[in-house]
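To start, the structure under review is shown below, and the notes come after it.
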2 protein chains.
Amino acid sequence: MARKSGSHAQITGPKVLKAAERLFARHGFAAVTMRQIAAEVGVQAGALYLYTPDKQSLLADLMITHLRELLAALPPADPDPLAALEGFVRFHILHHLSRRDAVFVAYMELRSLSPGNFAAVEALRHAYEDHLEAILQRGMAAGVFRPRDSRLATLALIAMLTGVTTWYREGGRLLPEAVAEQYIALARDTLGALPDRGTS
Amino acid sequence: MARKSGSHAQITGPKVLKAAERLFARHGFAAVTMRQIAAEVGVQAGALYLYTPDKQSLLADLMITHLRELLAALPPADPDPLAALEGFVRFHILHHLSRRDAVFVAYMELRSLSPGNFAAVEALRHAYEDHLEAILQRGMAAGVFRPRDSRLATLALIAMLTGVTTWYREGGRLLPEAVAEQYIALARDTLGALPDRGTS
DNA sequence: GTCTATACCTAGATAGAC
DNA sequence: GTCTATCTAGGTATAGAC
C-alpha cells in the first residue's frame with residue numbers, strides 16, 4: 001500500500017514528540033519502543049527517523065525543551081520574600097499539574113540520559129533550584145523565614161511540591177488552584193514564615 | 001568447561017536479589033537485562049531461572065519484601081504527637097539513607113509492575129502512609145498540629161522526606177543523624193507544631 | 001546447581017521503492 | 001514524507017549435558 005496521504009512534516013514532527021512524551025511518562029523510556037511511538041503517531045517506525053536521529057535524542061529533546069520552558073515561564077521573584085515564595089509555589093504546582101507528562105519524564109528518566117545530555121539537563125535543574133534558594137536566602141536574611149540550611153530547605157520544598165504529581169487526579173475533590181493554596185500554606189509554615197501565625 | 005565450583009543455592013539466591021536491586025536502582029527495570037544480572041552474580045543467564053520464574057517476579061519480590069520490612073520496622077507511634085512525628089521522621093530518613101537502592105526501586109518502578117503485583121505494592125504503600133496520617137490526625141485533634149487536610153499534609157510530608165534520596169551523598173557534609181534532625185525540624189514546622197516556636 | 005547452546009522474538013535503525 | 005522490507009544485535013526464557 002502506498003502512503004495514506006500526502007506530506008505532513010509540519011504536523012508529524014510535534015506529534016512524534018507528544019507521543020513520545022506520553023508513552024515515556026506512562027511506561028518509561030526503556031520500556032517504550034519506536035514502533036509504539038510510531039503507532040501512536042500513525043506512521044511506520046522508519047518514518048520517525050525523519051524527525052529524530054535516534055531514540056536518545058527524542059528523550060533529551062523532550063527534557064531539555066521542557067526545562068527551558070519551565071525556566072522561561074518562572075515568574076520574576078517579588079522583592080517581598082513571602083510574596084515571592086507564594087508566587088513560586090503557585091507557579092510550580094500549576095505548572096506541574098498542567099504538564100504532568102513532561103514533568104514526570106524530566107524527573108524519572110535522568111538515568112536514561114547519555115552522559116552529555118545528563119549534564120545539560122542537570123544544569124537546567126540546578127538553575128531552577130537556585131531560583132528558589134535565592135528567595136529563601138533573601139527571606140532568611142530579612143528575618144521573614146526561620147534560619148535554616150537554605151540548600152536543604154530548598155530541596156525539601158521542591159520535593160514536597162513535586163510530590164503533587166504522585167497523587168493528584170483530574171476530577172478529584174480539589175481544583176488545581178485550591179491545591180496550590182494548600183501547598184502555599186504548607187511551604188510558608190515549613191519555612192517558619194513569621195507573620196500571620198494561625199491565619200493561613 | 002564444567003561449572004566453576006560446587007553448589008551455592010543458599011548463597012546465590014540472595015546474591016541474585018541484591019544484584020537485581022542494585023542494577024534496577026541504577027538503570028531502571030526495563031533497561032536491565034537478565035544477562036547483566038547474571039554477570040553481576042557470576043553465573044550464566046540461564047541459571048537465574050533457578051531462583052525466579054521470570055524478571056517481573058524478581059522486581060515484585062524486591063518491592064514487596066522491602067515494603068514489608070519497612071512496615072515491620074516502623075517504630076510504634078508515641079502517644080505524644082510531637083514525639084510520634086519525630087520518631088517517624090527519624091525512622092523514615094535513616095531507613096531511606098541506609099536502604100537507598102531498595103527505596104529507589106520501590107518508588108520508581110511502580111509502573112513496571114504487572115497489575116496484580118502493582119495492587120499488592122500499593123496496598124503496602126498505603127498502609128505506610130496511613131501510619132503517618134494517623135499521627136497527624138491525633139496531633140490535629142489534640143491541637144498540637146495546625147488543622148490541615150490530613151491526607152494532603154501526609155503526602156506532602158512523605159514526598160519531602162523521601163526527597164532526601166535524590167541529593168544525599170555518602171561522605172557529604174552531613175551525617176545521616178544530622179540530616180534526620182534537619183528534617184524533623186522542617187516537618188514540625190510544616191505542621192505548625194505548637195510548642196517551641198523559634199527553638200528548633 | 002550450573003553450564004552451554006539455542007529457540008524465538010523484538011529491538012533500533014537503515015535502504016530503496018513510491 | 002512515508003512505506004515496506006530488512007539488517008544486526010540483543011532480549012527473555014528453555015533444554016539438555018554434566
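Any value given below was found using the heavy atoms of this structure, including those in side chains, with hydrogens, waters and symmetry copies removed. Computed from a prediction, not measured in an experiment: that's the story for all the values here. Labels below follow one simple rule: chain letters A, B, ... track the order of the sequence lines, proteins then strands, and each chain is numbered from 1.
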For B/Ser150 and B/Gln137, what are the C-alpha separation, side-chain angles and deciding distance, and is it a side chain to side chain donor-acceptor pair (under 3.5 Å)? CA-CA 6 Å; B/Ser150 69; B/Gln137 285 175 334; 3.2 Å; yes
Measuring from the side chain of B/Asp54 (C-beta onward, heavy atoms only), which nucleotide among D/dA13, C/dA13, D/dG1 has the closest atom? D/dA13
Expected list for residues 19-33 of chain B near DNA chain D, using heavy atoms below 4.0 Å, is B/Val32, B/Thr33
Where does the angle between the aromatic ring planes of B/Phe91 and B/His95 fall among parallel (under 30°), tilted (30 to 60°) and perpendicular (over 60°)? tilted
Would you say the rings of A/Tyr128 and A/Phe88 are close, in the sense that their centroids are separated by under 6.0 Å? yes
Could you state the atom-to-atom distance from CD1 of A/Ile11 to C1' of D/dT2 in whole Å? 16 Å
Whole angstrom value for the distance that separates P of C/dG12 from CD of A/Gln56: 13 Å
Could you list all the ring-ring contact (aromatic ring centres under 6.0 Å, His included) pairs where at least one residue sits in residues 152-174 of chain A, not counting sequence neighbours? none
Given atom CG of A/Leu48 and atom C1' of C/dG12, what is their separation to the nearest angstrom? 11 Å
Nucleotide nearest A/Ala47 (side chain, heavy atoms from C-beta), chosen from D/dA13, D/dT2, C/dC3: D/dT2
Establish, with yes or no, whether the OP1 or OP2 oxygen of D/dT2 is under 4.0 angstrom from a side-chain nitrogen or oxygen of A/Thr12. yes
Check every atom of D/dC3, C/dT4, D/dA13 against the side chain of A/Val43 and return the nucleotide holding the closest atom. D/dC3
What is the distance, to the nearest angstrom, from the OH atom on B/Tyr49 to the P atom on C/dC3? 14 Å
Once hydrogens and angles are ignored, does a donor-acceptor distance under 3.5 Å link the base of D/dG10 to the side chain of B/Arg35? no
If the cut-off is 4.0 Å, is B/Gln44 near the phosphate of C/dT4, judged by side-chain N/O to OP1 or OP2? yes
Parallel, tilted or perpendicular: which one describes the rings of A/Phe24 and A/Phe29, with boundaries at 30° and 60°? perpendicular
Within a 6.0 Å radius of atom CZ on B/Arg68, are there more than 12 heavy atoms belonging to other residues, nucleotides or ligands? no
Rounded to whole Å, please give me the gap between CE in A/Met34 and C1' in C/dG12. 7 Å
Could you state the atom-to-atom distance from NZ of A/Lys55 to P of C/dT10 in whole Å? 16 Å
Just wondering, do B/Arg138 and B/Val144 contact through their side chains at under 4.5 Å, heavy atoms? no
Figure out the CG/P separation between A/Leu50 and C/dT14, and round it to whole Å. 12 Å
